[in-house]
Amino acid sequence: MTPAREFVLASANPGKLKEMRALLTGSGIRVRPQSEFDVPEVEETGLSFVENAIIKARAASAASAMPAIADDSGLEVDALGGEPGVRSARFAGAHGCDQANNALLLERLMQTPAAHRLARFRCVIVALNHPADPAPLICEGVWEGAIADRPRGESGFGYDPLFLPRGMSVTAAELDAREKNCLSHRAQALRALIARLSAGAN
């Protein structure tokens, strides 16, 4: 895959755009939000993070006539058999309603002791040159941790107020942006993608 330096980012989430732009600082890669191109919302029908990321990237690339980057990520809770997983953004029904999703997660774990509330954030990022690219770059990051008994912190988005990174006593929402961007699942996946794009440019 020939690397491109400007991509459309297949996301309407302002928190994700802000986080990804911060992570890309100094990389030589620039992302433009799909809102600049009136990319239609697509149904995430995949059964895995990689399938959903590719669906979103292909749609954004087709609408913008640009190379695209998309990620799909979510929270996997062991006590819930890996849920909410690919349904993380729609766990409580309404897409992207963080408060409702967090409330439902706490309700489902109400009888689960702290030692059995292990969880992880998983992120898959894909990059493709054009909608029909047969060989998209695919990179993954995993952030291990556990679920707190109540929301804590004001930073981040999604399940960050409930996620306790392994070895830490604060939630992801209590970390400053710089620290989170060193540790997070999205940071891990994006660093891997940047490395592969850079290697392809040489």
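This structure is a prediction, so every number in the text was calculated from the model and none was measured. Basis for what follows: all heavy atoms, side chains included, without hydrogens, waters or symmetry-related copies. Position 1 is the first residue of the sequence, and the numbers go up from there.
- Of all the heavy atoms in A79 and L109, the pair that sits closest is CB-CD2, 4.0 Å.
- Between the side chain of S184 and the backbone N or O of N181, no donor-acceptor pair lies under 3.5 Å.
- The pair D149-R117 does not meet the salt-bridge criterion, since no charged nitrogen lies less than 4.0 angstrom from a carboxylate oxygen.
- Within the 4.5 Å cutoff, side-chain heavy atoms of F49 are placed close to those of E76.
- Side-chain atoms of N52 come within 3.5 Å of backbone N or O of G46 as a donor-acceptor pair.
- Looking at L80 and D78, their side chains never come closer than 4.5 Å, going by heavy atoms from C-beta outward.
- L162 and L164 fall into different hydrophobic clusters, where Ile, Leu, Val, Met, Phe, Trp and Tyr are joined by side-chain heavy atoms under 4.5 Å apart, directly or via other members.
- Rounded to the nearest 0.5 angstrom, R191 CZ and I125 CD1 are separated by 10.5 Å.
- Side-chain contact between I55 and E44: absent, with no pair of heavy atoms (C-beta onward) separated by less than 4.5 Å.
- Residue pairs that meet the side-chain hydrogen bond (donor to acceptor under 3.5 Å, both in side chains) test with at least one member in residues 155-165, sequence neighbours left out, are D160-K180.
- Following chains of ILVMFWY side-chain contacts shorter than 4.5 Å, one cannot reach L118 starting from L105, and the two form parts of different hydrophobic clusters.
- A donor-acceptor pair under 3.5 Å links the side-chain atoms of S61 to the main chain of M66, judged by distance alone.
- The nearest pair of heavy atoms linking S88 to G74 is OG-CA, 3.3 Å.
- Annotation: side chain of R5 is not in contact with side chain of S27 (no heavy-atom distance under 4.5 Å).
- Checked against side-chain hydrogen bond (donor to acceptor under 3.5 Å, both in side chains), R58 has no partners two or more places apart in sequence or in another chain.
- Cluster membership for V86 and L75, using ILVMFWY side-chain heavy atoms within less than 4.5 angstrom, is not shared.
- The two residues A70 and A53 make their nearest non-hydrogen contact at CB-O, 3.3 Å.
- I54 is not connected to F7 by any chain of hydrophobic side-chain contacts under 4.5 Å among Ile, Leu, Val, Met, Phe, Trp and Tyr, and they are in different clusters.
- In this structure, L193 and A127 approach most closely via the heavy-atom pair CD1-CB, 3.9 Å.
- Residues R21 and V31 share a closest heavy-atom pair of NH2-O, 3.3 Å.
- At least one donor-acceptor pair closer than 3.5 Å links the side chain of E51 to the backbone N or O of L47.
- Side-chain contact check for M168 versus E179: some heavy-atom pair is nearer than 4.5 Å.
- Residues P131 and D133 fail the side-chain proximity criterion, which asks for heavy atoms closer than 4.5 Å.
- For E174 (side chain) and E154 (main-chain N/O), no donor-acceptor pair under 3.5 Å exists by modelled atom type.
- Formation of a donor-acceptor pair under 3.5 Å by the N101 side chain with backbone atoms of A89 is found in this model.
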Which atom pairs, donor and acceptor, lie under 3.5 Å between side-chain atoms of residues 136-148 and protein residues at least two apart or in another chain?
from, atom 1, to, atom 2, distance (Å)
E144, OE1, R120, NE, 3.1
E144, OE2, R120, NE, 3.2

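- Residues forming a side-chain hydrogen bond (donor to acceptor under 3.5 Å, both in side chains) with R87 (at least two apart in sequence, or on another chain): none.
- Nearest heavy-atom pair across R152 and V170 is NH2-CA, 3.6 Å.
- Residues F121 and L104 fall within the same hydrophobic cluster, defined by Ile, Leu, Val, Met, Phe, Trp and Tyr side chains chained together at heavy-atom separations under 4.5 Å.
- When atom types are taken as modelled, the side chain of S64 and the backbone of V8 share no donor-acceptor pair closer than 3.5 angstrom.
- In this structure, a donor-acceptor pair under 3.5 Å is present between the side chains of R186 and S73.
- Qualifying side-chain hydrogen bond (donor to acceptor under 3.5 Å, both in side chains) partners for R108, counting only residues two or more places apart in sequence or in other chains: E83.
- Interatomic distance, L24 CG to E19 CD, rounded to the nearest 0.5 Å: 11.0 Å.
- Note that CG of D71 is 13.5 Å distant from CZ of R122, once rounded to the nearest 0.5 Å.
- Shown are V39, I69, D72, L9; of these, the side chain to side chain contact (heavy atoms under 4.5 Å, CB included) with K56 is made only by D72.
- Taking R30 as the reference, E6 meet the side-chain hydrogen bond (donor to acceptor under 3.5 Å, both in side chains) condition, with sequence neighbours excluded.
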